[in-house]
Amino acid sequence: MHESATLYKSAAASVRDVDLANAIRVLAMDAVEAAKSGHPGMPMGMAEIAVALWTRHLRHDPATPGWPDRDRFVLSNGHGSMLQYALLHLAGYDLPLDELRRFRQLHSKTPGHPEVGVTPGVETTTGPLGQGLANAVGMALAERLLAAHFNRPGHAIVDHHTYVFVGDGCLMEGISHEACSLAGTLGLGKLIVLYDDNGISIDGPTSGWFTDDTPKRFEAYGWHVVPNVDGHDVGAVSAAIAAGKAEVERPTLVCCKTTIGKGAPTKAGTADTHGAALGEREIAATRAALEWSHATFEIPQPIYDAWNARARGAAEEREWSRRFARYAEQFPELAAEFTRRNERALPASFAAAAEAFIAAQAARRETIATRKASQQAIEAYAKLLPEMIGGSADLTGSVFTNWSGSIAVSSSKAGNYVNYGVREFAMAAISNGLALHGGFIPYNGTFLTFSDYMRNAVRMAALMKLRSIFVFTHDSIGLGEDGPTHQSIEHAASLRLVPQLDVWRPCDSVETAVAWKHALERTDGPSALLFTRQNVAFAEREASTIAAIARGGYVLADFAQGDGARRALIIATGSEVPLALGARQLLANDGIDVRVVSMPCTQAFDREDVAYRRDVLPTGIPRIAVEAGATDGWRKYVGAADDPRAAVIGIDRFGESAPAATLFKYFGFTSDHVADVVRGIVGR
């Protein structure tokens, strides 16, 4: 018998499974009642499923939540967060009872939906249904790829499972199809999903809107399915999980039939328990029905002792540490690399190598599309960082996210490049799972217009402060003939509104190299890198100017004529920077002195101190912003729409289908037009 199972049996000898499950139920209903807000039904309905997983199978150490080879547990149906909080509290994590009493209150460790980095033991932030499931696919993929890279015969230092709780809502969301279809194709055998099939969602019985044959659906994906499990029979659920662990070639779906709000005498099995407190009368009746005589938030010590996982978790973590020590003796370089990647640290040599690459790009002086410059950066940096794992949503040949060392991941081959197929939303969420798991820096690519499909996952990456890198090409009307359906007019502006997301729109190969370096070095959030389809002219710079690119906005071409009255500032990004430089030359003939500021990343610029920002954008000088996209966001830099000394040259309507050069001229993105606008403000 496994050591953890022995520890559990001795600790729980005098405590019944129903007592363990009822502890979850009462904590959930008490916390929701105290908050007068929350979802008690799912925790009450999934209590026995949780007992089966957390006491019979889950390998975790409450004292060391970040232990590398722990099993991952994801609560995809995150509205039932009190289930996870009850489990973490009972199992011995640093989540005291007072935090459960403060459920959903300001600055508590028990927010309305689980948040990674807030609550010890929470692996991912869940709430938008289905995304946790997709994150888990990424985690399972990370485990598989790390095991293939680091494990050696007799030394399995990466060997764990990813477990997911999902509800009807997760499986109704389209992302579940995208993610689970790919998981089946890739044969992620250590992914085990437990489906809470209670037939109830917010609007009532799901029979009116969700009649899928879920087992057959997942069988069609290539999953191993265990159907018709009694979700209130701990033994039956445990046996189904064991069957899933025995199936190593396919992911497993365990279909658990449950009753939402089980134990509530008048509300069990109804939507009334889904998203509202039960009320004092129903809670009292539930306590009586469960034969639970203890006070609010009171758990008897024998039940605490039976739930406590610290002893068996510490034993499992110690055993792994011993194995890793033996591994390190035999494979010291691999062990050091594993530790570095697990700690999310870059190699000590990376910064200098990256600076050398940036200098080389400056010396090459290429006029190329920034999507191609991005591929050059990937080629350079991926050779330095084996943890980089790329991918594309069926657009590799257009977005250039592959490199010479790319190896496609398949069910039989571990690689470093994922062909996600036309699954943008799942691609982003799976990438987040790879980042959450650790050991990888994921990047993925598609056209900028398709960021709409990915938006919620991009937002979650920002909320979780993940090092996920989103590559978006074909960034404006410059993609040309495909027309307005594919021309990204509002997308750059809307992405810039996402807190903690750095959005880079570089103008040439040098800014592209800097943007990639910044994204790879960043540890407090994701980055969106926006690249052109069309070629963009190289911009000449001095070494000091190159160093300023990382500040997000910098003086690319400065005033040339001294302190003259006829001055203007032009701020530009991406493919519009050459237009600004061209306008500067035209205006010099009119005696108008122009500074051109390239601002590839407004977020990085905004983080600079006031003195730097004022030095780049001095007050009292007319300002004009130029970008082939929505205009409103630039008003914070140039001035209000009714300011006669300010203008934004952009596009606030959908585009047209025509060659790129034709469109740029049609919409006024020419040096001549930029110069005319400046003349109109400064005066001829």
Quick check against the 3.5 Å criterion: does [X] have a side-chain atom that pairs as donor or acceptor with the backbone of [Y]?
X: Arg505; Y: Thr532; result: no
X: Arg623; Y: Tyr637; result: yes
X: Thr185; Y: Ser181; result: yes
X: Asp609; Y: Ala611; result: yes
X: Ser671; Y: Leu579; result: yes
X: Asp69; Y: Asp159; result: yes
X: Ser392; Y: Leu395; result: yes
X: Arg341; Y: Gly439; result: yes

For [X], enumerate each residue passing the ring pair (Phe, Tyr, Trp, His ring centres under 6.0 Å) test, keeping only those at least two apart in sequence or located in another chain.
X: Phe538; result: none
X: His177; result: Tyr221
X: Phe150; result: Phe338
X: Phe331; result: His155, Tyr327

According to side chain to side chain contact (heavy atoms under 4.5 Å, CB included), who are the partners of [X], at least two apart in sequence or on a separate chain?
X: Asp593; value: Phe559, Ala560, Gln561, Arg567
X: His673; value: Ile649, Thr670, Val677
X: Phe400; value: Arg371, Lys372, Gln375

Side chain to side chain donor-acceptor pair (under 3.5 Å) partners for [X], two or more places apart:
X: Glu366; answer: Arg364, Gln376
X: Asp452; answer: His491
X: Thr401; answer: Tyr417
X: Tyr381; answer: none

Taking atom [atom1] of [X] and atom [atom2] of [Y], what is their separation to the nearest 0.5 Å?
X: Phe531; Y: Trp516; atom1: CZ; atom2: CH2; result: 6.5 Å
X: Ile441; Y: Ser431; atom1: CD1; atom2: OG; result: 12.5 Å
X: Met139; Y: Leu191; atom1: CE; atom2: CG; result: 10.5 Å

Under 6.0 Å from the CZ atom of Arg614, do we count more than 12 heavy atoms belonging to anything else shown? no
Which pairs pass side chain to side chain donor-acceptor pair (under 3.5 Å) with one or both residues in residues 139-150, sequence neighbours excluded?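 Matches after skipping sequence neighbours: Glu143-Lys190.
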Ile570 and Ala580: which non-hydrogen atoms are nearest, and at how many Å?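 That would be CG2-CB, 3.6 Å.
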Between Gln487 and Asp482: side-chain donor-acceptor atoms closer than 3.5 Å: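 Asp482 and Gln487 do not have a side-chain donor-acceptor pair below 3.5 Å.
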Is Arg551 close enough and on-axis enough to Tyr612, meaning under 6.0 Å and within 45°, for cation-pi? yes
